[in-house]
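Below you'll find the structure, written out as structure tokens, and then a few comments.
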There are 4 protein chains.
Amino acid sequence: MADPITILGIAGSLRKESWNKGALRAAQALCPEGVKIEIYDIGALPLFNQDEEKNPTAAVSHFKKAIRAADAILFASPEYNYGIPGVLKNAIDVASRPYGDSAWNGKPCAIMSAAASMGGGIRAQYQLRQSFVFLNLDAVIQPEVAIPQAMQRFDAQGNLTDDTSRKLIAQLLQNLVAKIRLARHQPVKAAA
Amino acid sequence: MADPITILGIAGSLRKESWNKGALRAAQALCPEGVKIEIYDIGALPLFNQDEEKNPTAAVSHFKKAIRAADAILFASPEYNYGIPGVLKNAIDVASRPYGDSAWNGKPCAIMSAAASMGGGIRAQYQLRQSFVFLNLDAVIQPEVAIPQAMQRFDAQGNLTDDTSRKLIAQLLQNLVAKIRLARHQPVKAAA
Amino acid sequence: MADPITILGIAGSLRKESWNKGALRAAQALCPEGVKIEIYDIGALPLFNQDEEKNPTAAVSHFKKAIRAADAILFASPEYNYGIPGVLKNAIDVASRPYGDSAWNGKPCAIMSAAASMGGGIRAQYQLRQSFVFLNLDAVIQPEVAIPQAMQRFDAQGNLTDDTSRKLIAQLLQNLVAKIRLARHQPVKAAA
Amino acid sequence: MADPITILGIAGSLRKESWNKGALRAAQALCPEGVKIEIYDIGALPLFNQDEEKNPTAAVSHFKKAIRAADAILFASPEYNYGIPGVLKNAIDVASRPYGDSAWNGKPCAIMSAAASMGGGIRAQYQLRQSFVFLNLDAVIQPEVAIPQAMQRFDAQGNLTDDTSRKLIAQLLQNLVAKIRLARHQPVKAAA
């Protein structure tokens, strides 16, 4: 039996009925056996100020501990003004400091995005990938889960209602789990 | 006589002795006659939450008013994790909403960056420019003011000590002022 | 009467029935009075080799002359492998050299793209804009003309059949012409 | 004994004394036991034209065969006009087509760059990484080998003379080999 896997899910929107929170809940329901996703709320983190980085608030310490305890990270991000939401980038910045004490280093991860636009948030994804080069976050390459025209694919409570997106999310999770198991030298089950 | 010009200076770092705040102070000292730069502190802005965007805090309303009152914006940004600092992107996001009520629309602007790295923050600049396409911010193209290896070019209080950088900043300001005057159909004085 | 304007149209695809060539033909038909678009074929340019840059082929010299003779450039590009087509980037590289003799310097320009994908070629557009910072090409900011799912919006000969796209192209041209006239200090007519 | 590994080295410059060709030669000299790098010249490839993609020239077929025969790809690229050289992107485009017959799919790879600028070609590297998402090329994350101010780090024949760069290249190769062996489930030797 393979060891259990815990994935930390982080949504880039603070909105209560956020599509991206909904995408994380959909991912929870699609988890393979032995895998669970814990959703983390980044709304309590302070704006990053380097002067304070050696005296982190309780929220910052708790966040970094949760990242370190997880086997992998699943980001679900909207696109704000053609880029990563400031609120998500701030969470990434906060947990990356002080220098030499980043919580992200070496983690496997995967990205999803959902947005009102035709592109489905893809511009935010490439900016995330650029930051991952510095952070040494090892992201699943494909499939790209970018859910376009989200108001047609989520209900009013932000629940995903679209089967195509669900299949892509299931595949993304499978590839993320394969990446984790490969690093552990555990056998990976073929896709069903 | 040309009308006076007010530029809003926004630093992407909250650190007290920030190099980028120092770059803004250097720009203040280099302002052509009739031009002044007011530095705005983005540290009091809340994390953007779309649920709250129609009930902005006083800090948000004040920030949007300051942007609208200015003739142009001067961004001075570090680079965090190969991208725009979350704290700066959050300020941009906050002032861009609600939809249809962005404070940025149509503003002339210019970008500077200072960073410890060889690249001098350039990665943050391209991400800013990508957001400007959506925000309809009209950025000066050249010169690119990206101050590399900043610890050699600023003193311990964050004051710029490098003449090459100062010349680039003076040229950037001149080009920003020319852009503003051109839009007003006012004559632009040639560079000295 | 305002002086006439000549725009050089450059398609990023060599395909005979290219959608992007079709977008340029559509732009020709939408030109305001006094403005014409000449379409340039970049298929005869050699692969750039710095060893040869001081002995340009006739095709290279001809291309650079055409760029210099034009008042502005209109790029129409597909997206290949999430980026600028090599064939288009090569044309840009060829005409940018030798150092100090770039044909692009200071030109106003605008970008269109058409692609099979939902994004409509937008990834190629941001890479173009990044090169424009170095090349000092002054691009229209909005509207973004990115024609998605192009097989539904062009006929089999590559002719644009979509009215929404046509309106966006007309607006893009108007903004490009305004940029040229502003630089010449000529009055710009309001949009009809 | 681990199976031997063949890496295909591709330089993004056609210049005879190219720094990036020199970086590939340096990599050849730094190869771990059982690993060899074959350098491929992309100068004979035609400009990509989709109309011809089903009738590839001999040069195109040969290139695709060489990619497929290799265990991994090592790109060494200059930065032209703040982006990937057209000549390199064209090679990537040519070998990626026709749709469904890309030679790149699933290959492990690594990136180096050398450039005259302070950034060392880094802007080209992020554009390559963006294309790799589409191409399903699995790139080593770190170290980033971006050799700045190259005229100080290569001799007149384009040979690398800088020890710091050599150490980074050795580490990059080691990480690339580890990626290949991990995919084969072969033990990876620790770094010396």
Side-chain angles (χ1 to χ4, degrees), chain C residues 11-21 41-53 59 77-97 99 102 104-105 115-117 119 122-124 126-137 158, chain D residues 11-21 41-53 59 77-97 99 102 104-105 115-117 119 122-124 126-137 158:
Chain C
S13 163
L14 301 187
R15 186 161 78 89
K16 194 163 171 300
E17 284 156 0
S18 155
W19 298 319
N20 285 285
K21 290 180 182 172
D41 182 350
I42 59 176
L45 295 170
L47 289 175
F48 177 74
N49 181 339
Q50 200 183 331
D51 290 334
E52 310 299 332
E53 68 180 3
S77 180
E79 178 184 293
Y80 288 174
N81 299 310
Y82 286 3
I84 306 177
V87 60
L88 175 58
K89 184 57 169 41
N90 183 63
I92 291 172
D93 292 344
V94 157
S96 74
R97 298 287 307 184
Y99 185 74
S102 167
W104 305 109
N105 189 33
S117 67
I122 210 70
R123 297 171 187 89
Y126 303 123
Q127 294 191 351
L128 283 168
R129 287 181 184 273
Q130 184 165 312
S131 285
F132 293 171
V133 177
F134 184 82
L135 295 164
N136 195 28
L137 274 161
Chain D
S13 164
L14 300 186
R15 187 162 78 88
K16 194 165 171 302
E17 284 156 1
S18 155
W19 298 320
N20 285 285
K21 289 179 182 171
D41 182 350
I42 60 176
L45 296 170
L47 290 175
F48 177 74
N49 181 338
Q50 200 183 331
D51 289 334
E52 310 299 331
E53 68 180 4
S77 181
E79 178 184 293
Y80 288 174
N81 299 309
Y82 286 2
I84 305 177
V87 59
L88 175 57
K89 184 56 168 41
N90 184 64
I92 291 172
D93 293 343
V94 157
S96 75
R97 298 287 306 183
Y99 184 75
S102 167
W104 305 109
N105 189 33
S117 67
I122 209 71
R123 297 171 187 88
Y126 304 122
Q127 293 190 353
L128 282 169
R129 286 181 186 274
Q130 184 165 313
S131 284
F132 294 171
V133 177
F134 184 82
L135 294 164
N136 196 27
L137 273 161

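Everything quoted here is computed from the prediction, not taken from an experiment. Convention: sequence-line order gives letters A, B, ...; per-chain numbering from 1.
- Of the atoms belonging to I92(D), heavy atoms from both backbone and side chain fall under 4.5 Å from chain C.
- Residue L88(C): no heavy atom, backbone or side chain, is found under 4.5 Å from chain D.
- Among all heavy-atom pairs drawn from D51(D) and K16(C), the shortest one is OD2-N, 2.7 Å.
- Smallest separation of non-hydrogen atoms from V87(C) and N90(D): N-OD1, 4.2 Å.
- In this structure, the portions of S131(C) lying under 4.5 Å from any heavy atom of chain D include both its backbone and its side chain.
- Comparing G83(C), S102(C), G86(C) by how many heavy-atom pairs each has under 4.5 Å with chain D, the most go to G86(C).
- With K89(D) contributing its side chain and I84(C) its backbone, the two residues share a donor-acceptor pair below 3.5 Å.
- In plain terms, the two heavy atoms of L47(C) and L14(D) that are nearest each other are CB-CD1, 4.0 Å.
- A distance-only check finds a donor-acceptor pair linking the side chain of Q130(C) to the backbone of Y82(D) [under 3.5 Å].
- Atom-to-atom distance recorded for E17(D):CD and Q50(C):CD is 11.0 Å, nearest 0.5 angstrom.
- With hydrogens and angles disregarded, no donor-acceptor distance shorter than 3.5 Å links the side chain of N81(D) to the backbone of L135(C).
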